[in-house]
Amino acid sequence: TVLETALLDMYTKCGSLEDARTIFQRMKNKDVVCWTALITACAQQGDAKEALELYKEMEAQGLQPDSPAYTSVLAACASLRDLSQGKAVHARILDSKTDIIDDILQNAIINMYARCGALEEATALFLRQRRRSSNSWNVIIAAYAQHGHPEQVLELYKGMALEGAEPDSITFTSILYAFNHAGVHKQGPVCFKAMQEDHGISPLPQHYNCMIDLLGRAGRLDEAEELINSLNYKPD
RNA sequence: UCGGGGCUAUCCAGG
């Protein structure tokens, strides 16, 4: 079972959901781990609906989901924007006899509310969260970025620094995305610079894209052009 | 004792 699950996961990572399913179907003893592996595979490869069905099937078989299982199921709810399912799953988690909510699961719960449009609920849970990792901040920053609230994104970014959490590439992708889409052009270049100089993160193509777009919209065409030209001299 | 599964952004694809 262990080897089969590892194989299933490998197929998933290679992008072959079909092969992953085949392995799963042929397995004799299906434990929570292999169910979770397949649920994750479905949720990530755009078949989130099937992920939820698998979850129900798993429970119907009397298997008790653990933290990773619930984390995957909530990721599926989030990608489907299915708030009622998400809430139902959340309720089950809270009903568990033992406390199974770890840091990752808590992030997944917050993300589910955020993606399903319940920003207030997500924010309340985030504020109450005890140990906030960089991923926790990324979840809430992405939420405000996508709902078009660049001011809050900036506040959260500052809050992150105050709390000593390190922003990463993903954090800055969300931040620059927020500024760009909301037409807030002043802070973008400041953050882009801080990303490199204060946090030692080298810009990825998505960061450059955001910046070039943002500078263009701001009418700072000379700076946009300068950035583009600087790219042409990079070894690649 | 050890071992297989879990959350976040952009783009792309799908719709």
Side-chain angles (χ1 to χ4, degrees), chain A residues 1-13 15 17 20 23-24 27 29-49 51 54-55 58 63 65-81 86 89-90 93 100-115 122 125-126 129 131-147 153 156-157 160 165-181 191-192 195 201 203-214:
Chain A
T1 302
V2 174
L3 288 179
E4 290 165 307
T5 304
L7 194 58
L8 193 166
D9 186 51
M10 186 209 76
Y11 277 123
T12 300
K13 285 172 176 141
L17 186 52
I23 304 261
F24 181 80
M27 290 176 71
N29 300 313
K30 299 185 172 96
D31 63 8
V32 196
V33 177
C34 73
W35 278 96
T36 305
L38 188 61
I39 289 171
T40 305
C42 291
Q44 288 175 352
Q45 321 237 344
D47 213 340
K49 217 169 157 255
L54 286 165
Y55 159 67
M58 176 177 95
L63 283 175
D66 60 5
S67 313
Y70 279 126
T71 302
S72 291
V73 172
L74 285 170
C77 296
S79 85
L80 290 171
R81 316 260 143 120
V89 173
H90 187 193
I93 293 168
I100 57 170
I101 304 187
D102 60 18
D103 297 342
I104 295 180
L105 180 52
Q106 185 65 15
N107 290 344
I109 293 168
I110 293 170
N111 181 54
M112 181 278 293
Y113 281 109
R115 300 224 40 144
L125 289 171
F126 172 79
Q129 196 173 20
R131 292 177 301 274
R132 289 188 279 251
S133 65
S134 296
N135 266 0
S136 309
W137 287 93
N138 286 348
V139 165
I140 202 71
I141 286 175
Y144 279 95
Q146 302 215 296
H147 285 82
V153 166
L156 287 163
Y157 171 59
M160 206 173 175
E166 267 302 307
D168 60 14
S169 260
I170 292 182
T171 318
F172 285 105
T173 303
S174 297
I175 292 172
L176 294 176
Y177 174 92
F179 292 159
N180 192 14
H181 278 73
C191 288
F192 187 68
M195 169 175 94
I201 298 170
L204 298 173
Q206 55 236 21
H207 300 120
Y208 284 115
N209 273 325
C210 262
M211 280 303 296
I212 291 164
D213 206 30
L214 186 147

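Chain identifiers are assigned alphabetically (A, B, ...) following the order of the sequence lines, protein sequences preceding nucleic acid strands; residue numbering begins at 1 within each chain.
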| task | Identify whether any heavy atom of Ile110(A) sits under 4.0 Å from a base atom; if not, whether one sits that close to sugar-phosphate; answer base, sugar-phosphate or nothing. | result | nothing

| request: Answer yes or no: is there a donor N or O on one side and an acceptor on the other, between the side chain of His207(A) and the main chain of Leu204(A), under 3.5 Å? | output: yes

| field | Interface limits on RNA chain B, where chain A has a heavy atom under 4.0 Å of a nucleotide atom | value | rG3(B) to rU10(B)

| What does Asn135(A) touch in the nucleic acid at a heavy-atom separation under 4.0 angstrom: a base, only the sugar-phosphate, or nothing? | base

| query | Base, sugar-phosphate, or nothing: which does Asp168(A) touch, judged by heavy atoms less than 4.0 Å apart? | reply | nothing

| query | Is Leu74(A) close to Ile109(A) at the side-chain level, that is, under 4.5 Å between some pair of heavy atoms? | reply | yes

| request: Pick base, sugar-phosphate or nothing for Val73(A), based on heavy-atom distances below 4.0 Å to the nucleic acid. | output: nothing

| How is Ser67(A) classified with respect to the nucleic acid when contacts are heavy atoms under 4.0 Å: base, sugar-phosphate, or nothing? | base

| Going by the salt bridge (Lys or Arg N to Asp or Glu O under 4.0 Å) test, which pairs reach into residues 166-179 of chain A, not counting sequence neighbours? | none

| task | Check the pair Asp103(A) / Gln106(A) against side chain to side chain contact (heavy atoms under 4.5 Å, CB included), numbers first and verdict last. | result | CA-CA 5 Å; Asp103(A) 297 342; Gln106(A) 185 65 15; 5.8 Å; no

| message | Categorize Ser134(A) for me: base, sugar-phosphate, or nothing, with a 4.0 angstrom heavy-atom threshold over every strand shown. | response | nothing

| said: What's Gln44(A) touching, base or sugar-phosphate or nothing? Going by heavy atoms closer than 4.0 Å. | reply: sugar-phosphate

| request: Scan Asp103(A) against the nucleic acid and name what it touches under 4.0 Å (heavy atoms): base, sugar-phosphate only, or nothing. | output: nothing

| task | Quick one: label Ala114(A) by what it contacts on the DNA or RNA (base, sugar-phosphate, nothing), any heavy atom closer than 4.0 Å. | result | nothing

| query | Between Tyr70(A) and Val89(A), what is the shortest heavy-atom contact and its length? | reply | CD2-CG1, 3.8 Å

| request: Pick base, sugar-phosphate or nothing for Asn209(A), based on heavy-atom distances below 4.0 Å to the nucleic acid. | output: nothing

| task | Indicate yes or no for a side-chain donor-acceptor contact from Gln45(A) to the backbone of Thr12(A) under 3.5 Å, with no hydrogens or angles considered. | result | yes

